Amino acid sequence: MFSKCVAELKMKNNPKDKTLMFVGRKGDLDLFSRCVEELKMKNNPTDKTPTFVDRKDGPNLTQRVKEPRKIHNPKDKTLTFVDRQDDLDPVSSDDGCLKGLMSCGHAVTPETLTGWCRSRLDEGDYKFTCPALVNGTKKCNKLWSYQEVRRLADLSPEEMQDFEMTMAHLAVTSYCETQPCPHCKTYVERTDLSNLCVTCTICAADDPTYSLFCWQCQKPWKGVAPQRYRCGNSGCVNKDLQILKSCRTISLPEVRGATNCPSVRACPTCGLKVEHNQQHCKNVTCPRCQAVFCFICLQRKRKCSKTSTPFQMCVSGVAPRQTSIPIWHRR
């Protein structure tokens, strides 16, 4: 609605009464009355730049405005739009559309912001930081609150719910191990990461028969407890461990001499399965615990870097396939 209105109207500021005056052709009055129903416009007497209230059609605004003199207050629930390139995608963003100004001072389109946040969730990170480059070399890395991301991102109600559910799940798993009880479906925390036998307190209060289950195979517990590797049920195997033992081998083209490396590794700190995209250097960052380690020798980056560069083969060679998964000892 707003883009149609802008095509028909010209806005002119009256310095005497600080209100917006509208001029246009015949029929503009009807168009203006419809536009007022959709938007609330507020004039900023400091820099004479219109501020647009965060409403449903806010991210689709196409009117061009001057660069604001001050970055908007992150506590303010309004959005500031600027007419400049997308700092997250400067190459393909010269389309003349307004960009939302984030709290860190970088501008971004709703589509680019949505894509970036989705990629972070897919990588297992529920915290959104600005990836824009500062001085062409260093990332901004300022933290964006979910509130400001939600105001600008191009999300349907269903997508917004999916975002929030994924963020909640990732936040919980970053602090503790949880699984749904196979009987009552209540999420249960495993406090002892070396024991597969878990007690569901809900079932224990209602029917003790179903209170114990296997964390690994999700079946009622069978056999003697505690057990670290498997319970007494048939087919109880660690699927992650099976993947580590049978995954294909890869080479890292940009690392000299890096061949026949398992394509999947367990993070040496928390045990999460990690894959290498076969691009850039040999070091990877675990999306769960944020540990940086060498994908080839499985040593932490700071230790591996003492004997080789990120693009050189490790002195100790390729670490063999992992036969156990490290237990994450959270601090």
Side-chain angles (χ1 to χ4, degrees), residues 1-3 6 38-42 44 49-171 174 277 279 285 287-288 290:
M1 181 63 186
F2 180 82
S3 59
V6 171
E38 297 293 331
L39 298 175
K40 292 180 180 179
M41 297 186 212
K42 175 183 177 183
N44 187 337
T49 303
T51 301
F52 297 91
V53 176
D54 181 20
R55 294 287 295 279
K56 181 179 179 181
D57 291 333
N60 297 322
L61 303 179
T62 57
Q63 185 193 10
R64 303 172 71 88
V65 297
K66 296 180 180 179
E67 182 74 25
R69 297 178 185 177
K70 296 181 180 180
I71 298 173
H72 73 287
N73 186 344
K75 295 181 180 180
D76 188 357
K77 294 185 178 180
T78 60
L79 287 173
T80 300
F81 291 88
V82 294
D83 181 17
R84 72 184 201 205
Q85 72 176 13
D86 186 337
D87 291 319
L88 271 62
D89 187 15
V91 177
S92 59
S93 64
D94 189 17
D95 53 7
C97 293
L98 292 180
K99 315 301 185 297
L101 193 64
M102 305 300 288
S103 57
C104 61
H106 289 105
V108 62
T109 62
E111 294 77 13
T112 305
L113 176 64
T114 304
W116 168 251
C117 293
R118 171 58 68 185
S119 68
R120 299 302 297 160
L121 293 178
D122 291 342
E123 292 175 2
D125 192 351
Y126 65 94
K127 296 180 180 179
F128 305 128
T129 55
C130 178
L133 295 179
V134 179
N135 298 326
T137 56
K138 186 179 179 181
K139 285 187 178 181
C140 172
N141 279 333
K142 293 293 179 63
L143 183 66
W144 292 333
S145 68
Y146 175 63
Q147 286 74 17
E148 67 173 317
V149 169
R150 184 177 61 185
R151 286 199 297 270
L152 182 61
D154 186 15
L155 297 173
S156 66
E158 294 77 14
E159 291 172 327
M160 188 179 299
Q161 183 179 14
D162 180 60
F163 255 55
E164 294 172 356
M165 290 293 292
T166 304
M167 289 175 63
H169 175 71
L170 293 174
S174 66
N277 60 10
Q279 297 178 4
T285 301
R288 181 164 66 178
Q290 303 302 309

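Being a predicted model, the structure only gives us computed values, none of them experimental.
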Worksheet item: Side chains of Cys140 and His106: does their closest heavy-atom pair fall under 4.5 Å?
Response: yes
Worksheet item: Is there side-chain contact between Leu152 and Val108, with heavy atoms separated by less than 4.5 Å?
Response: yes
Practice prompt. Would you please name every residue forming a side chain to side chain contact (heavy atoms under 4.5 Å, CB included) with Leu143, sequence neighbours left out?
Written response: Lys127, Thr129
Item to complete: Walk me through it: do Leu98 and Asp83 pass the test side chain to side chain contact (heavy atoms under 4.5 Å, CB included)?
Response: CA-CA 5 Å; Leu98 292 180; Asp83 181 17; 4.0 Å; yes
Practice prompt. For the residue pair Trp116 and Trp144, establish whether any side-chain heavy-atom pair is separated by less than 4.5 Å.
Written response: yes
Worksheet item: Side chains of Leu133 and Lys138: does their closest heavy-atom pair fall under 4.5 Å?
Response: no
Item to complete: To the nearest 0.5 Å, tell me how far Phe163 CZ sits from Leu121 CG.
Response: 5.0 Å
Worksheet item: Only one of Lys142, Met167, Glu148 clears side-chain contact (heavy atoms from CB on, under 4.5 Å) with Phe128; which?
Response: Met167
Worksheet item: With sequence neighbours left out, which residue pairs that include part of residues 158-170 fulfil the salt bridge (Lys or Arg N to Asp or Glu O under 4.0 Å) condition?
Response: Arg118-Asp162, Arg150-Glu164
Worksheet item: Looking only at heavy atoms, which two atoms of Gly105 and Arg84 are closest? And how far apart?
Response: O-NH2, 2.7 Å
Worksheet item: Under 3.5 Å, is there a donor-acceptor pair linking the side chains of Asp86 and Thr109?
Response: yes
Fill in: Closest approach of Ala132 to Asp87 (non-hydrogen atoms, all atoms of both residues)
CB-O, 3.9 Å
Discussion item. Quick one, Glu111 and Leu113 - any side-chain contact, counting heavy atoms below 4.5 Å?
Written reply: no
Item to complete: List in chain and number order the residues that pass side chain to side chain contact (heavy atoms under 4.5 Å, CB included) with Thr114, two or more places apart in sequence or in another chain; answer none if no residue qualifies.
Response: Ala153, Asp154, Leu155
